[in-house]
Amino acid sequence: MVNELYPYIVEFEEEAKSPGLETHRKRKRSGNSDSIEGDAAQEAEPSTGLAPGSDPSQCSVPTKKGKDASTKKESLGHWSQGLKISMQDPKMQVYKDEQVVVIKDKYPKARHHWLVLPWASLASLKAVTREHLELLKHMHTVGEKVIADFAGSSKLRFRMGYHAIPSMSHVHLHVISQDFDSPCLKNKKHWNSFNTEYFIESQAVIEMVQEGGRVTVQDGMPELLKLPLRCHECQQLLPSIPQLKEHLRKHWPQ
DNA sequence: GTTCTAGAAC
DNA sequence: GTTCTAGAAC
């Protein structure tokens with residue numbers, strides 16, 4: 001029996017379409033202003049037929065050090081835009097459908113760590129309204145499906161949620177196993193971003209939008225990232241990252 | 001978001 | 001002396 005909700009599980013398929021890129025460009029051209037991302041940054045495509053100097057809104061930096069334009073780091077190449085690029089790459093895609101795509105986090109903070117991203121241009125949770133409610137629910141459902149498909153036989157517990165103040169542009173739902181067994185988990189900020197209220201449960205975001213029509217983030221989020229390291233399973237305080245990691249081993253299943 | 005590394009902490 | 005953290009980075 002084929003589940004019609006998930007017809008596009010991608011495994012070895014390379015030729016899959018990338019509707020997001022096309023849609024996004026079209027919107028920008030047509031002057032549709034539903035995107036609140038203030039980035040002339042995304043226009044750094046070399047072959048759009050738009051003359052580089054013809055857009056006064058593009059405050060591009062004059063060529064430095066005699067490097068050619070392809071080495072410019074300010075626009076598409078900026079690290080904060082990385083998800084927009086990764087989500088288009090078929091090699092990164094673990095799942096996709098008409099609304100969302102799932103990729104593995106490039107620097108996973110646990111044995112399993114995926115990101116669910118909408119194709120639609122959504123800069124952050126600040127841009128989310130009731131019209132995105134079904135999308136948020138779908139992202140949640142897809143997250144559960146990815147867990148079932150790729151870690152279904154594992155004993156690991158999972159959580160799904162959003163960072164209160166994400167570093168990377170474009171709304172992304174973290175789907176992460178609770179072992180936190182990863183060499184990429186290196187500092188207090190990493191730990192606290194997943195183990196304090198800085199991590200906002202997917203379900204909570206859905207309910208916020210359902211009740212209030214938008215997502216509000218409480219004050220004091222940056223301070224949460226500096227809290228002492230505390231085990232998420234037994235609440236024990238640990239004095240350093242290496243000692244936290246050693247401690248976490250005793251909560252691993254089996 | 002990461003890398004790099006000075007100097008604090010041990 | 002070594003480990004570890006935390007702030008700057010083109």
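Letters A, B, ... are given to chains in the order of the sequence lines, protein chains preceding strands, and every chain is numbered from 1.
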Problem - Side-chain donor-acceptor pair present, Lys106(A), Ser86(A), cut-off under 3.5 Å - result: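 There is no such pair between these side chains.
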Which heavy atom of [X] sits nearest to which heavy atom of [Y], and what is that distance?
X	Y	result
Lys245(A)	Ser182(A)	NZ-O, 2.8 Å
His170(A)	Pro118(A)	NE2-O, 2.8 Å
Gly213(A)	Arg130(A)	N-NH2, 3.5 Å

Practice task
For Gln203(A), check side-chain contact (heavy atoms from CB on, under 4.5 Å) against everything at least two apart and list the hits.
Solution key: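 side-chain contact (heavy atoms from CB on, under 4.5 Å) check on Gln203(A) returns His140(A), Ile206(A), Glu207(A).
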Practice task
Not counting sequence neighbours, which residues clear side-chain contact (heavy atoms from CB on, under 4.5 Å) with Asp179(A)? List them please.
Solution key: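 Asp179(A): side-chain contact (heavy atoms from CB on, under 4.5 Å) contacts with Ala110(A), Arg111(A), Leu156(A), Ser177(A), Asp181(A), Trp252(A).
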Exercise for the section: Pick base, sugar-phosphate or nothing for His172(A), based on heavy-atom distances below 4.0 Å to the nucleic acid. Expected result: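 Nothing, no heavy atom under 4.0 Å.
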Exercise for the section: Scan Pro242(A) against the nucleic acid and name what it touches under 4.0 Å (heavy atoms): base, sugar-phosphate only, or nothing. Expected result: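 If one applies the 4.0 Å heavy-atom cut-off, Pro242(A) turns out to touch the sugar-phosphate alone, with no base involved.
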Exercise for the section: Using the test side chain to side chain donor-acceptor pair (under 3.5 Å), find all partners of Ser154(A) that sit at least two apart in sequence or belong to another chain. Expected result: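 Applying side chain to side chain donor-acceptor pair (under 3.5 Å) to Ser154(A) gives none.
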N/O donor-acceptor pairs under 3.5 Å from side chains in residues 193-201 of chain A, not counting sequence neighbours:
| from | atom 1 | to | atom 2 | distance (Å) |
| --- | --- | --- | --- | --- |
| Ser193(A) | OG | His163(A) | NE2 | 3.3 |
| Ser193(A) | OG | Lys189(A) | O | 3.3 |
| Ser193(A) | OG | His190(A) | O | 2.9 |
| Asn195(A) | ND2 | Trp191(A) | O | 3.0 |
| Thr196(A) | OG1 | Asn192(A) | O | 2.7 |
| Thr196(A) | OG1 | Tyr198(A) | N | 3.1 |
| Tyr198(A) | OH | Ile165(A) | O | 2.6 |
| Glu201(A) | OE2 | Arg159(A) | NE | 2.9 |
| Glu201(A) | OE2 | Arg159(A) | NH2 | 2.9 |

Practice task
At the 4.0 Å heavy-atom cut-off to chain A, mark where contacts on DNA chain B begin and end, going 5' to 3'.
Solution key: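 Listing 5' to 3', DNA chain B meets chain A from dG1(B) to dT3(B).
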Under 3.5 Å, sequence neighbours excluded: what are the donor-acceptor pairs made by side chains of residues 235-244 of chain A?
| from | atom 1 | to | atom 2 | distance (Å) |
| --- | --- | --- | --- | --- |
| Ser240(A) | OG | Gln243(A) | N | 3.3 |
| Ser240(A) | OG | Gln243(A) | NE2 | 3.2 |

Handout entry: Close residues, residues 183-201 of chain A, relative to DNA chain B [heavy-atom separation under 4.0 Å]
Key =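 Contacting residues: Lys186(A), His190(A).
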Problem - Within residues 232-241 of chain A: residues closer than 4.0 Å to DNA chain C (heavy atoms) - result: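 The answer is Ser240(A), Ile241(A).
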Exercise for the section: Using the side chain to side chain donor-acceptor pair (under 3.5 Å) rule, collect all pairs that involve residues 212-233 of chain A, keeping only residues at least two apart or in two chains. Expected result: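 Counting only pairs at least two positions apart or across chains, the side chain to side chain donor-acceptor pair (under 3.5 Å) contacts touching residues 212-233 of chain A are Arg157(A)-Glu233(A).
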Handout entry: salt bridge (charged side-chain N to carboxylate O under 4.0 Å, His left out) involving Asp105(A) - partner list, sequence neighbours excluded
Key =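 Once residues adjacent in sequence are excluded, Asp105(A) has no partner under the salt bridge (charged side-chain N to carboxylate O under 4.0 Å, His left out) criterion.
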Practice task
Could you pull out all residues at least two apart from Lys104(A) that satisfy salt bridge (charged side-chain N to carboxylate O under 4.0 Å, His left out)?
Solution key: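 Not a single residue meets the salt bridge (charged side-chain N to carboxylate O under 4.0 Å, His left out) criterion with Lys104(A).
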Practice task
Determine whether the aromatic ring centres of His112(A) and Phe158(A) lie less than 6.0 Å apart.
Solution key: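 For His112(A) and Phe158(A), the ring centres are under 6.0 Å apart.
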Exercise for the section: Map every base of DNA chain B to its dot-bracket character, where paired means a Watson-Crick or G-U wobble contact with both distances under 3.5 Å and | marks a partner outside the strand. Expected result: .|||||||||
